[in-house]
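All figures in this text were calculated on a predicted structure; none of them were measured in a lab.
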Amino acid sequence: MRSDEDHGDNTIKCRRDNFMIELRRESRRELLTSRRQKNNAPVSYELMNQEVLKNFEKFKETLVLCSDPKEILRVLKKIRSIMTSSNDPENLPNRELFASNLPQEIIKLAQKYQEGPLKEPSLSIVNESIWILSNASVAGPEEIDIMVKMGLLPVLHDAMLLSNPKIIENSVYCLSNILAENISLRERMEQLKIVTLIFELVDSEVKNSKLMETVSWFLANTIRTYGFSSENLVVKYLGKILLGYVNDGNMILLECANGILFYLQEKKDVVERINFVSQLNIEERLKQGFAFYDERVVNPIMEIFNYLSYGSEDVVNKFVDQSFIQTLIGYISSTSISLQGKSVQILSNIILTNESYHKTLFTHEVFSPVYDLLIKSPHYMNSLGALQVITAFIEYADRSQLEVMVSTFSIQQVFISLLQSQHSAKAGFNLSILKSIECLLRKARAFFLSQVHHSMASSPHISELVELQNSSNPEVALLANQIICVYFDK
């Protein structure tokens with residue numbers, strides 16, 4: 001069992017996770033930069049769809065001059081039809097829309113009809129206007145800035161106060177796009193108490209899974225863009241959505257899991273964040289995501305469990321059961337490189353959290369796929385994760401269990417042969433192998449299993465161990481020297 005001090009060490013030891021956090025952030029920055037460069041490229045008038053542009057200009061003229069709500073609604077429906085003609089945002093005629101200055105008129109209309117009596121056709125005019133603006137919000141940061149300067153945020157705020165689920169959904173969708181493209185606007189959103197409105201929406205327990213999917217995405221974006229001042233409250237509401245919409249497909253689960261994962265990936269207060277997420281009691285709900293067999297959903301869920309597996313014994317005990325272990329073994333045996341790596345990391349942490357897990361987990365069904373991953377995986381991190389699991393098994397093994405690993409799996413030969421594997425050039429791999437070798441030799445000596453020492457001493461790979469005494473890495477050199485001196489008397 002690990003003490004609090006040990007747990008702190010393990011938190012610091014999340015070196016791989018810290019690296020992955022930076023990698024994801026960098027990927028996010030590259031994605032946004034790429035999209036902005038594409039969207040910000042000078043748009044030639046000749047490259048636009050001239051027919052669409054002319055139609056938009058006519059529509060604008062009608063909206064400016066017309067005072068008949070029914071005619072205004074008819075025009076808005078035509079614009080919306082054009083703006084929803086493709087499921088791919090890249091193919092939407094946003095260039096033509098902004099070139100015609102239509103967004104400005106549509107924002108004015110939405111504002112005008114929100115202020116009047118909310119009955120038909122006024123409500124439909126607001127609905128169509130927000131729908132068009134939500135599609136326009138995928139255009140890019142410059143276009144979003146244009147709409148914000150035109151007064152888009154107050155219009156979206158007021159739209160969220162209406163009782164129309166479709167208007168609210170499109171408003172939240174638009175706000176999510178705004179937040180993803182321009183994080184500087186989050187302070188303005190806080191001033192308008194938009195996040196508070198989102199919380200009130202969740203508290204109202206509205207039975208609309210499509211709306212909650214969009215709300216989940218917005219809340220996830222508030223954390224993805226490095227947080228509002230009430231990050232813990234955002235995560236609490238993500239947990240509430242998860243528990244309140246149990247049978248509503250995998251998209252709510254995906255967005256909530258992503259938001260919770262972004263929260264855990266922040267470097268500060270890792271232990272407190274793990275404990276806070278554990279208090280949400282969402283573990284069983286997250287496990288339901290395994291049934292979708294959709295890697296988009298499973299990956300963030302596995303990442304969350306990876307973080308939780310660094311938690312205290314109480315935290316780990318909340319989600320570890322036989323079905324969870326079976327799921328991990330299934331993913332270790334799968335072809336998914338990403339899920340293999342996460343599964344062995346979680347399994348290793350589970351064993352280290354409480355040595356009693358070792359007794360229940362040390363079976364051929366568990367050990368064999370981990371062993372296969374160690375010796376066969378061409379992927380460094382997956383092999384390293386499998387090595388950590390097997391070393392944890394060795395650390396807590398009794399004599400009979402160690403004999404199985406030595407006689408059935410020849411683990412001593414595998415360990416020393418890994419010193420010349422394709423991964424041995426990777427930083428840190430040799431140090432991990434040496435720690436595993438030292439652990440095995442120490443346990444074998446305690447149980448008087450002399451065949452481990454003899455098998456390694458007679459291996460042709462013993463020369464690699466000797467050479468590591470001259471390693472440029474002082475930790476590797478020191479540990480290699482200690483192993484040679486203590487166990488091989490050289």
Sequence-distant partners of E395, salt bridge (charged side-chain N to carboxylate O under 4.0 Å, His left out), two or more places apart: R442
Residues that H379 engages under side chain to side chain donor-acceptor pair (under 3.5 Å), provided they are two or more places apart: none
Residues in ring-ring contact (aromatic ring centres under 6.0 Å, His included) contact with Y487, at least two apart in sequence or another chain: none
ring-ring contact (aromatic ring centres under 6.0 Å, His included) partners of Y357, counting only residues at least two apart: none
With sequence neighbours excluded, residues passing side chain to side chain donor-acceptor pair (under 3.5 Å) with S407: none
Single hit among N208, V172, I168 for side-chain contact (heavy atoms from CB on, under 4.5 Å) with T214: V172
K236: partners by salt bridge (charged side-chain N to carboxylate O under 4.0 Å, His left out), with sequence neighbours left out: none
Under 3.5 Å donor-acceptor, S458 side chain and S455 backbone: yes
Pair listing, salt bridge (charged side-chain N to carboxylate O under 4.0 Å, His left out) test, anchored in residues 401-416, at least two apart: R399-E403
Residues that K240 engages under salt bridge (charged side-chain N to carboxylate O under 4.0 Å, His left out), provided they are two or more places apart: D203
For Q420, all residues meeting side chain to side chain donor-acceptor pair (under 3.5 Å), sequence neighbours excluded: H461, E464
Note: E475-K435 ion pair, threshold 4.0 Å (strictly below): no
Residue pairs involving residues 314-327 (criterion salt bridge (charged side-chain N to carboxylate O under 4.0 Å, His left out); sequence neighbours excluded): E283-K318, K287-D321
Cation-pi geometry met for K207 and Y245 (6.0 Å, 45°): yes
Residues forming a side chain to side chain donor-acceptor pair (under 3.5 Å) with S216, sequence neighbours excluded: none
Qualifying residues under salt bridge (charged side-chain N to carboxylate O under 4.0 Å, His left out), relative to D294, sequence neighbours excluded: R296
Considering all heavy atoms, the nearest L238-A220 contact: CD2-N, 4.5 Å
